[in-house]
Each structure stands twice: as structure tokens, then as C-alpha cells.
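Input: a single structure, listed below in C-alpha cells.
Heavy-atom basis, side chains included; hydrogens, waters and symmetry copies ignored.
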Amino acid sequence: MKLQLCTERLTAEFSAETGALLRLASADGWEIQGGREATLFRMNLLTEASSKNEVSSASLASPSVRQENGSLSFRWDTITLQTGECLDITFTAVITVRDGGLSFEGELENHSKATVEHIAYPVLSDLCPPAGAQHFYRTAPDLMDIPSTEIFPSFQTERGYWGTEFPVKISETPVTPCILLEDGTAGLYIGCHDHTLPYRTMLWLEASPAVADSASGLLFTPQDDGTFRPRVECSATHLVFSVPESRMPLSAIHLDGYRGGWEDGMEIYRSWRKSWAVPAPCPAWAKGLHAWYQVHMASYGGGIYYRFRDLPGLGRKCAEQGIGVIQITGWTVDGQDGCLPCHDPDPRLGTWQEFKEAIAEIEAMGVRVVLYTKYTFADTRTEQFRTELHRYASRNVYGDIQDFAGYPYERPAILEYVNTHKLAVMCMCSDEWRQCCLREFRKCLELGASGMLYDECMHHSGYSYCFAPDHGHPVPAFLYAGDIVLGRELARACEEAGKPDFLLGAEILYDAQTQVYPLSYLRGTPGHKSVRRFCDPDSEFVSGFWGYNDRNGVNVCLLNRFIMEYETRHFRGEPDEFPQTLNYGKQVDALRRRYYDLLWDAEFLGTRPLPVDTLSGEPLTWGVYRSRKTDGAAAVIVNYSDETAVFRTGASGFRWDRVVSPEDPDGEVFSGEAVVPPRSAAVLIGTAG
């Protein structure tokens with residue numbers, strides 16, 4: 001018997017006997033899921049006898065079933081291994097019509113001696129592209145972009161071929177909370193709707209039993225004899241590590257259909273995000289339109305570029321050029337990344353007092369000082385690590401410290417990773433480690449800076465769990481969960497120090513971290529889509545660039561409402577050293593200041609509200625903004641190429657009156673077509689509705 005759940009856009013059919021997801025179809029006729037190898041879940045169990053004990057719902061005894069209005073549940077009271085051994089593990093799967101889509105939730109209750117390592121749920125075992133689609137893609141947001149990779153007709157593996165039976169593509173939370181399976185006109189949204197980060201969820205695709213051609217990844221070739229019929233499977237694989245005598249709810253996996261491009265698909269994520277995302281409070285000085293400059297003082301590779309006594313001179317140049325923030329990097333012992341987690345000033349550069357006085361002098365000029373920090377790693381060669389900090393390092397199941405080679409600086413030998421400072425990945429779920437981080441952080445407060453920029457906060461160098469039994473956390477612990485805890489503790493430390501306006505900035509935040517860090521530092525590039533600004537219209541982003549005529553680095557900031565950061569000569573140079581970049585940056589910020597309500601205090605709507613046709617030159621990139629205070633609107637149209645471009649706009653819900661530019665802020669009446677010079681931008685000014 002088949003059981004059915006329907007939403008406005010999806011129809012799902014399940015087997016009453018096995019729980020298998022037999023069919024998934026969209027309202028407009030797209031048969032998304034075929035019936036081959038149908039199942040609802042697969043799990044792997046770790047037992048004393050074996051580390052690989054795979055079972056699926058299709059191989060188990062029939063579950064108990066309950067169907068109510070808009071909800072369907074399956075319950076398996078025992079899990080039977082292929083050996084015939086029955087384990088006291090209960091799994092309950094609940095599928096609910098919610099927020100216009102289907103929400104797959106569940107709970108594991110483990111009273112056996114085995115550990116449930118992972119459960120893949122739900123499983124779409126036989127993905128089919130829309131009828132007539134020439135290409136089918138997985139489109140997945142990451143820290144900065146939303147790249148697409150083909151899954152039909154070509155499926156290239158993303159992991160070493162030697163490590164998997166089938167080609168696979170894997171997207172991982174929290175960096176990638178959702179994926180779109182799409183052909184450019186329609187798609188299926190699959191999202192992990194759980195911002196609490198209890199564990200890692202892998203949005204997993206695999207092609208089995210094989211691809212036809214290993215070099216191209218083609219699933220089929222004209223010469224096939226029909227022996228093989230490859231299928232592409234998609235699942236949400238929950239790395240739960242459910243240990244004996246535990247109960248664990250599963251993160252909700254949300255499925256929904258949509259029509260249109262990536263913005264239409266990500267609108268589903270953005271709508272869910274609004275239900276929980278409360279941006280961390282940002283100091284007023286960091287929210288307004290201003291510019292940053294970053295300076296690298298020293299590294300452990302031996303390069304010393306500035307000393308503390310040089311900083312006031314750099315601060316004066318920032319003030320003269322209208323730059324409001326100086327970010328100081330490489331100020332700690334042994335320079336940048338040289339002696340982590342120590343945040344004492346490097347004695348090669350001067351004394352604590354000299355540094356503190358330099359900061360005070362710069363701040364008195366009206367230029368804010370932001371200090372580079374890093375709390376994710378510890379230098380394994382230090383005495384502090386060997387006598388104390390090793391106790392707080394993350395460990396694998398074998399008890400080994402999880403580490404990596406560290407970051408290379410300056411000299412050819414070190415750039416070849418010879419004698420780098422090896423770094424241990426510390427356990428952010430360890431209270432003792434976070435207390436160490438707080439002690440180091442308070443030095444930034446004591447030095448009198450206005451903020452910090454937490455580098456490498458968004459990853460743990462490829463490690464995601466800690467299995468140390470003596471850290472006071474559940475074993476294993478998901479390292480990313482500790483990231484949020486540390487962020488809240490840093491904010492509390494600011495309050496306790498009487499500095500609530502101290503900026504807690506961090507590098508390339510994943511989305512859940514915006515709850516604790518109000519500003520993210522990144523490096524936008526001309527090729528990237530504006531997914532971060534689309535999903536998060538309220539947080540602040542700083543984007544750095546370092547070229548001597550870096551107009552496109554500036555254009556990225558204009559398009560995405562990013563704060564500019566000048567990083568002359570990989571932030572070894574002075575703020576006025578590259579005048580072409582600086583002057584164009586000033587022109588863009590002057591334009592944004594003049595049209596502040598349209599280009600800064602405005603909401604980014606993406607590209608959908610405005611069709612733009614490029615009549616000559618390379619394709620243009622654009623985005624639409626709407627004022628938060630009036631019915632005013634602006635469209636930023638960027639030409640990243642070296643050729644002049646001409647464009648015209650199609651019908652939209654806006655009336656465009658003028659076209660302006662960084663070079664011509666007064667502009668002219670917009671007639672429906674306009675010219676964009678090479679490496680420049682045009683801005684349409686008008687009203688909505």
C-alpha cells in the first residue's frame with residue numbers, strides 16, 4: 001500500500017510496508033524521484049565485531065505506521081543486522097507538511113551496545129532531472145559563493161576515487177546548510193533546518209553502480225549496451241554517533257520545490273532563516289559607511305615590516321585618506337600565526353606600553369583600531385602547549401591529537417612547508433580551552449582597541465569531532481557547536497569589561513555564527529554570486545583587495561554593500577601607496593554616501609526584480625536595492641570586463657529615473673539603455689511600485 005503526503009509544490013509517496021520513499025514529484029509534472037532501490041533511511045552501526053554494519057529500512061521488518069492530517073510517521077522498534085542479530089534501537093521517522101514543503105524529522109533511541117555512527121535520512125534513491133533538461137546541477141552555497149557542479153549527464157567525484165565505491169559529491173553543514181538540485185529553470189531545495197549545530201549533516205550525492213566514462217564522468221555514452229543503468233542518489237547523512245543508552249533527535253531536513261533560478265531556491269532558506277536569525281548587535285561606528293586598511297607587522301618567517309612606533313604614522317595617513325579603521329595583523333609574539341594562542345605583543349616590535357600608547361594615539365585621530373586574533377589552533381612547539389595546552393587539543397577516537405602543518409610565511413623553505421609551526425586543532429567544546437581563549441582575548445580589551453577580527457573562525461582544518469574523554473563534553477563532541485559558545489562568552493567578556501561597543505568581527509562566518517559575530521571579513525571576487533548578501537541583508541561584511549589598480553575589488557563592494565578594506569601589497573604596504581585603487585574607492589564611497597538610503601541603508605533584493613540585457617560587451621552583473629525608509633530603489637550594474645558594455649532593462653516593478661556612476665554622481669536621465677565603462681559601474685536611481 002502507498003501512503004501519500006502533498007504540499008502545494010510536492011507530492012511524496014511512501015511504502016506502508018517498508019517506509020521507503022517510492023516517488024517524489026513536483027506539482028508541474030517533474031518526476032524527481034524514481035522507484036529504483038527505494039528506501040527511507042540507511043544507517044551504519046559500530047559493534048565490537050565490525051565497524052561496518054549497514055542496514056536500510058527496506059531490509060527491516062515492517063514498521064508501525066501512523067498517518068494524520070499533514071503528517072506521517074514510521075517506527076522501527078528493533079534494528080536487525082545482516083548477521084541476524086537484533087539490536088535494541090528504536091528509530092522513529094516523522095514526515096510533516098510544514099512551511100510549504102516536507103520536513104523529515106526523527107529520533108534515535110539506543111539501548112544496545114552498538115553505536116549508530118550515521119543515519120542517511122531521507123534517501124532519494126533515484127534522482128531524475130526535469131524532462132527535457134540538457135544539464136542538471138547541484139548548486140550549493142558556501143562561505144562566499146553559490147557554485148554549481150553538474151550531476152547529469154556528467155557526475156565527477158569530489159573525493160578520492162580510491163576511497164569510495166561510487167563517485168560522490170558531499171556538502172557539509174554548517175558551512176553549506178542547503179543544496180539546490182536544479183536545471184536553471186526549476187529545482188528541488190534540500191536544507192538542514194537546524195541552526196543549533198548538534199552534529200554534522202552531509203548532503204550527499206552518489207552515482208552507482210558506476211559512471212560510463214571516468215575521464216568525463218558521463219553517466220551514459222551512445223555506445224552503451226544497456227547492461228548498466230546508473231542512478232544518482234541523494235541523502236542527508238547525519239553523523240550522529242549515537243552511543244549506547246542515548247536518545248537523539250535528528251535535525252530536520254526540509255524539501256521543497258521551486259521554479260526559477262538560484263535566488264528562487266535560496267528564498268526558501270532565507271525565509272526559514274528569518275525564523276531564528278537575530279544578528280549580533282553591532283557597534284554603531286562599525287555599521288556606518290566607512291573604509292578599513294589592514295597592515296601586517298611581522299611573521300614568524302622573519303619578516304618585520306613595521307614596529308609599534310610606526311603605527312601612529314600609518315594612522316595619520318588613514319585619517320588623511322578618510323579611512324576609518326586600521327586592522328593590525330602580525331602584532332603578537334613571533335608575528336602572524338607564530339605562537340598561538342599567545343596574544344602578547346611581539347617584543348621584536350616594541351613593548352606592551354608602546355603598543356598601547358600607539359593604539360591610543362590612533363584612536364584619538366578618529367581612526368578605530370581592530371586587532372587580529374586567532375583562537376582555533378595552538379602552536380605545538382611551545383612550552384605552554386607541551387606542558388598544558390595539549391590537554392585541551394581535539395583528539396580522534398584513537399586518542400591522537402588532531403593537527404596540521406600550519407601556515408607558511410615569507411621564506412622559500414617555509415613556503416614549501418619546511419619547518420612550519422605545526423598547529424593543533426583545539427577542542428572548542430572544552431571549557432578549559434575556551435577559558436584560555438578568554439584570557440588571551442582580554443589582552444585586546446586591555447590594550448584599548450575598538451575591536452578584534454577573529455581569523456579562521458569558520459573551520460577546524462578538516463576536523464569536526466573531538467573524542468577526548470576528559471574534556472567534560474559528550475563523546476564525541478561536534479567542534480562547531482563550541483564556536484557559538486565561545487562567541488557568546490567573548491560578548492560577555494566585553495560587557496564585564498565595560499566595553500559593550502567593542503567590535504567582535506570574524507573571518508568569513510558561516511551563517512549560524514552571525515548570531516554571535518556582527519561583522520564578517522572576506523575577499524569577494526568578481527565571479528562570485530551575491531548569495532551572502534541575499535540571505536543576510538543586515539550583517540556587515542568587510543571585503544579586502546590588494547591590487548594597485550583594483551577597480552573590480554572596489555566594484556564587488558559596491559554591488560554587495562560591503563565595507564572596503566585596502567590591503568596594499570598583501571597588507572604590507574601603506575594606505576596611500578596605491579593611489580589608483582584608493583581614488584576609485586573614494587569615488588565609490590562618495591557615491592554611496594550621496595545615495596545613502598539607496599546604496600547603504602537599503603535591503604538587497606538580488607537580481608530577480610530587474611531583467612538586464614547586455615547589448616554589447618561582456619555580460620554584466622547586477623543587483624537591486626530598496627530603501628528601508630522610503631519607496632526609493634537603486635540597481636547596481638557592474639562591468640567587470642575590459643570592454644565597454646551597453647545594457648537595457650526589461651519590464652519590472654520599478655521606475656528608473658536617472659543613471660549615475662562613481663565617475664559621474666549627478667548622472668543623466670535614464671532612457672532605458674546606458675553605457676558602463678570597463679571595470680566600472682552604473683547605478684540606476686528610481687522608485688519601487
Legend entry - Note: Glu489-Arg434 ion pair, threshold 4.0 Å (strictly below): yes
Inset, instruction - May I ask you to say whether Glu117 pairs ionically with Lys52, meaning some side-chain N is under 4.0 Å from a carboxylate O? - result: no
Legend entry - Separation of Arg532 CZ from Asp145 CG (nearest 0.5 Å): 11.0 Å
Inset, instruction - Mind running ring pair (Phe, Tyr, Trp, His ring centres under 6.0 Å) on His135 and Phe152 for me, showing each step along the way? - result: CA-CA 6 Å; His135 299 275; Phe152 179 88; 8.4 Å; no
Legend entry - Test: Arg75 cationic atom under 6.0 Å from Phe91 six-membered ring centre, within 45° of axis: no
Legend entry - Short side-chain to backbone donor-acceptor contact, Gln33 and Leu21, under 3.5 Å: yes
Inset, instruction - Measure centre to centre between the rings of Phe241 and Tyr199, then say whether the value is under 6.0 Å. - result: no
Inset, instruction - Mind running salt bridge (Lys or Arg N to Asp or Glu O under 4.0 Å) on Arg533 and Glu603 for me, showing each step along the way? - result: CA-CA 9 Å; Arg533 181 52 77 205; Glu603 181 184 1; over 6 Å; no
Inset, instruction - Determine, for Glu267 against Arg608, whether the closest basic-nitrogen to carboxylate-oxygen distance falls under 4.0 angstrom. - result: yes
Legend entry - Approximate separation, where rounding is to 0.5 Å, of Asn560 CG and Ser530 OG: 3.5 Å
Legend entry - Within-4.5 Å side-chain heavy-atom neighbours: Ile146 and Met266: yes
Inset, instruction - Say whether Tyr463 and Asp403, considering side chains only, have a donor N or O and an acceptor N or O under 3.5 Å apart. - result: no
Inset, instruction - State, with a plain yes or no, whether a side-chain heavy atom of Glu68 is found less than 4.5 Å away from one of Arg66. - result: yes
Inset, instruction - Would you tell me whether Arg200 and Thr173 have side-chain atoms, one donor and one acceptor, within less than 3.5 Å of each other? - result: no
Legend entry - Arg273 bridged to Asp536 by N-O distance under 4.0 Å: yes
Inset, instruction - Output yes when Glu48 and Lys113 qualify as a salt bridge under the 4.0 Å nitrogen-oxygen rule, no when they do not. - result: no
Inset, instruction - Take Leu479 and Val425 through the test side-chain contact (heavy atoms from CB on, under 4.5 Å) and record every step on the way to the result. - result: CA-CA 10 Å; Leu479 294 176; Val425 177; 4.3 Å; yes
Inset, instruction - Flag the pair Leu438 / Leu490 as yes when at least one side-chain heavy-atom distance between them is below 4.5 Å, and no otherwise. - result: yes
Legend entry - Pairing of Arg259 and Asp264 as salt bridge, 4.0 angstrom limit: no
Legend entry - Backbone N/O of Ser216 and side chain of Ser154: donor-acceptor pair under 3.5 Å: yes
Inset, instruction - Side-chain contact test, heavy atoms from C-beta onward, threshold under 4.5 Å: evaluate it for Pro279 versus Pro518 and give yes or no. - result: no
Inset, instruction - Tell me, yes or no, whether the heavy-atom count around Arg42 atom CZ, taken from other residues, nucleotides or ligands under 6.0 Å, exceeds 12. - result: yes
Legend entry - Rounded distance (nearest 0.5 Å) linking atom CD1 of Ile89 with atom CG of Leu45: 4.5 Å
Inset, instruction - Determine yes or no for a side-chain-to-main-chain donor-acceptor pair under 3.5 angstrom, with Ser26 supplying the side chain and Trp30 the backbone. - result: yes
Inset, instruction - Check Arg23 against Ala25 and note the closest heavy-atom contact, atom names and distance. - result: NH2-CB, 3.5 Å
Inset, instruction - Could you grab the distance from atom CG of Leu24 to atom CG of Leu188, nearest 0.5 Å is fine? - result: 6.0 Å
Inset, instruction - Report yes if some heavy atom in the side chain of Gln156 is under 4.5 Å from a heavy atom in the side chain of Lys169; otherwise report no. - result: yes
Legend entry - Residues which pass side chain to side chain contact (heavy atoms under 4.5 Å, CB included) with Asp224, listed by chain and number, not counting sequence neighbours: Ala212, Phe220, Thr221
Inset, instruction - Might you work through the side-chain hydrogen bond (donor to acceptor under 3.5 Å, both in side chains) test for Thr18 and Ser57, ending with a clear yes or no? - result: CA-CA 6 Å; Thr18 67; Ser57 61; 5.5 Å; no
Inset, instruction - With rounding to the nearest 0.5 Å, note down the distance linking CD in Glu206 to CZ in Arg159. - result: 13.0 Å
Inset, instruction - Give the intermediate values and the outcome of ring pair (Phe, Tyr, Trp, His ring centres under 6.0 Å) for residues Tyr189 and Tyr258. - result: CA-CA 7 Å; Tyr189 168 93; Tyr258 67 92; 7.9 Å; no
Legend entry - Any Leu102 side-chain heavy atom under 4.5 Å of His254 side chain: no
Legend entry - Close side-chain approach of Tyr454 to Glu507, heavy-atom, < 4.5 Å: no
Inset, instruction - Compare all side-chain heavy atoms of Ser103 with those of Ile95 and state whether any distance is below 4.5 angstrom. - result: no
Legend entry - Aromatic centroids of His460 and Tyr480 separated by under 6.0 Å: yes
Legend entry - Glu245 atom CD, over 12 foreign heavy atoms within 6.0 Å: yes
Legend entry - Aromatic contact, Trp262 with Phe534 (centres under 6.0 Å): yes
